[in-house]
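Worksheet: the structure to be examined is printed underneath.
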Amino acid sequence: MADTTGNTTDHEATHQPPPRKASWKYIGPGIVVAATGVGAGDLVATLIAGSNFGYTLLWAAIIGCLVKISLAEAAGRWHLSTGRTLFDGWASLGRWTTWFFAVYVVVWGFVYGAAAMSSSALPLQALFPDVMDLKWWGIACGLVGLVFVWFNKYAVFEKVMTVLVGVMFVVTVYLAIRVTPNIPDAFAGLLPVLPDEKDSILNTLGLIGGVGGTITLAAYGYWVNAKGWTDTGWMKVMRLDNRVAYATTGIFVIAMLFVGAELLHSANVAIASGDKGLIQLGDILEDEYGAATAKFFLIGFFATSFTSLIGVWHGVSLMFADFVARLSGKGRAKGEEVASGERERSWPFRAYLLWLTFPPMILLFEGQPFRLIIIYGVLGAAFLPFLAGTLIWLLNSSRTPRQWRNGPLSNVMLAVAGLLFLVLCVKQIWDQPWGEFF
């Protein structure tokens, strides 16, 4: 995204002096947020869009990446320009933000924990069908994620995420090339045209808003601090890092849309929504290209799911630790404290890690409770409008130093993001079976 606020340097970073020029060698938090934000469900949604509409919605997928760039850049800019964490900013807007986050992080974490473990287990069970049941694979994935995040700090976490992103990248690009995309049709898909189908506007908005859009957009600022970037001297590096993140996301999305358009749309093959759709895709790939390609795809499927698991285990636990620190009355929550690694060693960080891991295992055995799933869906849909709206508020107020406040382009992009996610939130609430809830 364009620099809309200027680039003045205030003071030197805590751990290392900021570079004079943005360089690829500093890239890191962006890779983490890209890997965490794009889960198996997002890839299935893109596959289904390609299956249903061919290349028609390619432009929508690209706009979705630009929207996420704006949100993540705004979160990172808040952390670097103020020296305060995002939750500290939210707390300054009133007690209502505390209540919203408290309910959200408890309910969302409980249900997401089960979903992430199940998603990571599916490709493992497909690769090793006679070893364990799905639920035991899920428990194993949750425990591995718990141990990994518990005993490793951000630097190791980032390196492992980078390796897994490399696997995701190779697999998705290989598949896109393997299905031989129709390049002229793909270029035609860059024109903003809506499919001639019922509910095409809502389907299009769903694709724009769905890929890589989760609480991890808010966690980006925390990963920026954990990297050791704590002041405005790192602003150019952060912006380059953020663009690389969503360029990477864009490649994943475009590659899977190519696969959907060529492998599914042309053959008029439908797959299920949700993670199981990727298992179906694995079967289709085996029929078309052989067992080796199918297994290669399942390895990429696991990398996609497991990066989301450990990314949330780390990033949202970091946010929860900051939330508790702010509530405990220790004063302003500062980015230097995140950069020092203090949050990763704290009891709230590890308590939330345990919350993400052990209580959700109940859902792997008992199934997901109906009312809880509805609440989870509503809270999840409400989070991104909340994030976009509060970032507009914070970055246009005196809470942010004047030279780092929003410019016109940032305001437009954040307003578009907020409106988009608000429409999707209303649709999500409208579609819930409230009559059965009561």
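Computed from heavy atoms alone, side chains included, the values below leave out hydrogens, waters and symmetry copies.
The two residues Ser119 and Phe301 have their closest heavy-atom pair at O-CE1, 3.9 Å. For the pair Ala321 and Ser346, the tightest heavy-atom approach, listed with the atom from each and the gap, is CB-OG, 3.6 Å. Nearest heavy-atom pair across Val338 and Thr85 is CG2-CG2, 4.1 Å. Across all non-hydrogen atoms, the minimal contact from Ala255 to Val173 is CB-N, 4.4 Å. Considering every non-hydrogen atom in both Thr82 and Arg399, the closest pair reads CG2-O, 3.6 Å. Contact detail for Glu336 and Gly83: the closest heavy-atom pair is OE1-O, 3.9 Å.
Although no hydrogens or angles enter the test, the distance criterion places no donor-acceptor pair under 3.5 Å between the side chain of Asn225 and the main chain of Tyr222. A donor-acceptor pair under 3.5 Å is formed between the side chain of Arg405 and the backbone N or O of Thr400. With Thr97 contributing its side chain and Gly94 its backbone, the two residues share a donor-acceptor pair below 3.5 Å. A donor-acceptor contact shorter than 3.5 Å is absent between the side chain of Ser51 and the backbone of Leu47. In this structure, Asn406 contributes its side chain and Asn396 its backbone to no donor-acceptor pair below 3.5 Å. Under the 3.5 Å distance criterion, the side-chain polar atoms of Trp59 are matched with a main-chain donor or acceptor of Val193. Looking at Asn152, its side chain does come within 3.5 Å of a backbone N or O of Phe148 through a donor-acceptor pair.
To the nearest 0.5 Å, atom CD1 of residue Ile215 and atom CZ of residue Phe383 are 4.0 Å apart. Residue Leu424 holds its CG atom at 9.0 Å from CG of Leu384, rounded to the nearest 0.5 Å.
Between Trp223 and His314, some side-chain heavy-atom pair lies under the 4.5 Å cut-off. In this structure the side chain of Leu318 never reaches within 4.5 angstrom of the side chain of Asp322, judged on heavy atoms.
Phe87 and Phe101 have tilted rings, their planes meeting at an angle from 30° to 60° on a 0 to 90° scale. Ring pair Phe320/Phe323 is tilted by interplanar angle, where 30° to 60° counts as tilted. Using cut-offs of 30° and 60° for the angle between ring planes, the Trp90 and Phe386 rings count as tilted.
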